[in-house]
Amino acid sequence: MTQQSLFYSEEKAIAEAEKLLAAPAHEDNIPAHAFRFLLKRYQKLFRQIVSLVKMGDRMQHDLNILNQRIKESEEKYRGIFENAVEGIYRADSQGCLTAANPALAWSLGYEDPRELIAGVRSIAGGPLLHESRLEEFRRQLLATGAVDRLQAQMVRKDGRCIWVEISARAVPDTGGGIACIEGLVSDVTERVLLQAELRRLATTDGLTGLANRRHFMENAKTEFTRARRQKSALSIVLFDIDHFKRVNDTYGHDAGDRALKALAGVGGELIRGYDMFCRFGRNRVRAFVNCPRRDSCDLPPVVPVQNRA
Amino acid sequence: MLLFPQGDHIGEHVMENLIIEATRSTPLVHFDADRRILTMRGESYPENAARFYQPIYDWISRYFDVMADDTSSITTVNLEIVYFNSSSSKALMNLFDLFEDAGLDGKIIHVNWRYHEENDTAMECGEEFKEELTNVQFDLIEITED
């Protein structure tokens, strides 16, 4: 069947009325049945129009209420978005930034979200510093649909690096693909630097800057295990500073400290990057020397040397 | 040719069910000819209401043609339309015209206009549709949470 207009019956009635009126015999004398037919149609049409107007108004009223609710809800969430301390963004399925809040713009050194969106194509492909982190971000997002507090470094507009934690989720579309990506970016630079500083303080000797005894012992355990497994040589050199008490007593503790620092400096220069030089006791320093092969080692393996000068 | 024809499956008058899956803007249509239960459920604001409703009108016309002189079977029409635009309300009026004509022809039609208890608009629209029908039983049925 062919498609008819929604007003098919009304159009048909009008056509019939026109036909009745067009008949020359009825020009001045339209029969009563034609009037009755038209009146019946007109009455029905009138009732339908009244109903349609009423229903239209009701639906419009409901839509207005709904719109008001949506507006209020939108304002509420926009407030959270605009005033959040953490950076929030939305990107399309390709990762291109489509929205960002002021906090994100500011933490990346931009004036406002508009400047950020114009200057940075995408969060993952733009300010993220290391390719490996970007790959990890993509991997987690595709595998699980979400990224949970991935720590990475980002570069600001002024070139300065910051540490961030990125959480994101892929919003699915109806076809099983990704409609968009919503993300949260927290600037954790202060925390990361503080953690690094705490780690440094916990593992180094305050005076000489060498590794402290605890750090040395922790590493010793690892190095011994490794040496045993690889059947490789491992050397430990122990320096004991003779008559150190006399240095302190004669020249004062400041001079003693300077002597320790000088020794630390000399020792530090002598070892290789993967060896470890530490302050073991008050007047004792100790060095780890890793030897990959016994015959290439400069020092006899695992022989503590005490040089009592 | 069947020796013992059953129900509506008589010769060429085999009535296929009409099933149209719901979309965001069109309702589910599930017209079961054998059980004589015609169901529409969802929202109705298609871009082109005439195009969406045409197959529905065609099916119903054919359904009543197949019924022919059957004036004892009851056809139940369950309608649960949460929201509909102006074109759809006119389309629904045309649908009710088909039922009214069939009712006038002696066929028994029960329309259940189902609406959620909190949806006053759907209820009032049901009342509007009901007013125009005299040869169709039209019941407003409130759906409660439990």
Side-chain angles (χ1 to χ4, degrees), chain A residues 1-17 33 36-74 92-93 170-180, chain B residues 18 21-25 43-63 65 81-98 100-101 104 113 115-116 118-134 138:
Chain A
M1 270 184 224
T2 51
Q3 188 184 310
Q4 292 169 352
S5 149
L6 282 178
F7 298 92
Y8 171 72
S9 60
E10 287 77 15
E11 285 161 2
K12 208 169 111 187
I14 290 168
E16 261 176 66
H33 74 87
R36 275 197 296 276
F37 164 77
L38 278 176
L39 182 65
K40 207 175 145 200
R41 293 301 312 176
Y42 187 84
Q43 282 168 332
K44 184 171 182 187
L45 204 57
F46 174 69
R47 288 194 304 272
Q48 283 200 338
I49 285 173
V50 171
S51 288
L52 282 171
V53 168
K54 270 195 207 168
M55 287 193 279
D57 283 353
R58 283 295 313 203
M59 290 288 174
Q60 188 61 52
H61 175 74
D62 284 2
L63 282 182
N64 289 345
I65 292 173
L66 199 63
N67 273 339
Q68 186 58 33
R69 278 196 204 140
I70 291 170
K71 205 176 144 198
E72 283 167 10
S73 168
E74 147 83 14
D92 64 17
S93 59
V171 181
D173 64 14
T174 47
I178 294 175
C180 66
Chain B
L18 178 69
E21 293 300 330
T23 69
R24 191 181 281 213
S25 60
E43 303 198 349
S44 179
Y45 50 98
E47 262 184 53
N48 186 339
R51 190 162 66 204
F52 178 75
Y53 280 91
Q54 188 66 48
I56 294 171
Y57 301 148
D58 293 346
W59 191 93
I60 290 171
S61 301
R62 219 158 74 79
Y63 171 79
D65 283 349
I81 316 285
V82 186
Y83 169 80
F84 45 91
N85 63 1
S86 302
S87 296
S88 295
S89 44
K90 176 63 175 129
L92 287 171
M93 281 176 175
N94 293 352
L95 184 75
F96 289 128
D97 278 350
L98 287 177
E100 179 69 8
D101 288 346
L104 206 62
W113 180 263
Y115 62 92
H116 193 272
E118 285 175 4
N119 194 342
D120 292 343
T121 301
M123 183 195 73
E124 284 170 29
C125 291
E127 283 170 350
E128 290 295 330
F129 290 129
K130 184 182 180 172
E131 263 183 44
E132 195 59 29
L133 301 170
T134 48
F138 193 104

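Nothing here was measured: the structure is a model prediction, and the numbers come from that model. The sequence lines fix the lettering, A, B, ..., with proteins before strands; numbering per chain opens at 1.
Under the rule for a salt bridge (charged side-chain N to carboxylate O under 4.0 Å, His left out), B:Lys130 has no partner lying at least two apart in sequence or in another chain.
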Give the intermediate values and the outcome of side-chain contact (heavy atoms from CB on, under 4.5 Å) for residues A:Met59 and B:Ser89.
CA-CA 11 Å; A:Met59 290 288 174; B:Ser89 44; over 6 Å; no
side-chain contact (heavy atoms from CB on, under 4.5 Å) assessment of B:Lys90 paired with A:Gln48
CA-CA 8 Å; B:Lys90 176 63 175 129; A:Gln48 283 200 338; 3.2 Å; yes
Assess the residue pair A:His61 and B:Asp120 against the criterion (side-chain contact (heavy atoms from CB on, under 4.5 Å)); give the C-alpha distance rounded to whole Å, side-chain angles, the decisive distance to 0.1 Å, and a yes or no.
CA-CA 11 Å; A:His61 175 74; B:Asp120 292 343; over 6 Å; no
Would you please test A:Arg47 and B:Glu132 for salt bridge (Lys or Arg N to Asp or Glu O under 4.0 Å) and show each step?
CA-CA 8 Å; A:Arg47 288 194 304 272; B:Glu132 195 59 29; 2.7 Å; yes
Could you walk me through whether A:Ser51 and B:Glu131 satisfy the side-chain contact (heavy atoms from CB on, under 4.5 Å) test, starting with their C-alpha distance in whole Å, then the side-chain angles of each, then the deciding distance to 0.1 Å, before giving a yes or no?
CA-CA 9 Å; A:Ser51 288; B:Glu131 263 183 44; 5.9 Å; no
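How far OH of B:Tyr83 is from CG of A:Leu63: 4.0 Å, rounded to the nearest 0.5 Å.
In this structure the side chain of B:Thr121 never reaches within 4.5 angstrom of the side chain of A:Gln60, judged on heavy atoms.
Enclosure of atom CD in A:Glu72 by more than 12 non-hydrogen atoms of other residues, nucleotides or ligands within 6.0 angstrom is indicated. Other residues, nucleotides and ligands place more than 12 heavy atoms under 6.0 Å from the NE2 atom of B:His116. Within 6.0 Å of CD in A:Gln68 there are more than 12 heavy atoms belonging to other residues, nucleotides or ligands.
Contacts between residues 6-13 of chain A and chain B, defined by a heavy-atom separation under 4.5 Å, are made by A:Leu6, A:Phe7, A:Glu10.
Between B:Phe84 and A:Met55, the closest heavy-atom pair is CE1-SD, 4.0 Å. Nearest approach of B:Gln54 to A:Gln4, heavy atoms of both residues: OE1-N, 2.8 Å.
For B:Asn85, no part sits under 4.5 Å from any heavy atom of chain A, backbone or side chain.
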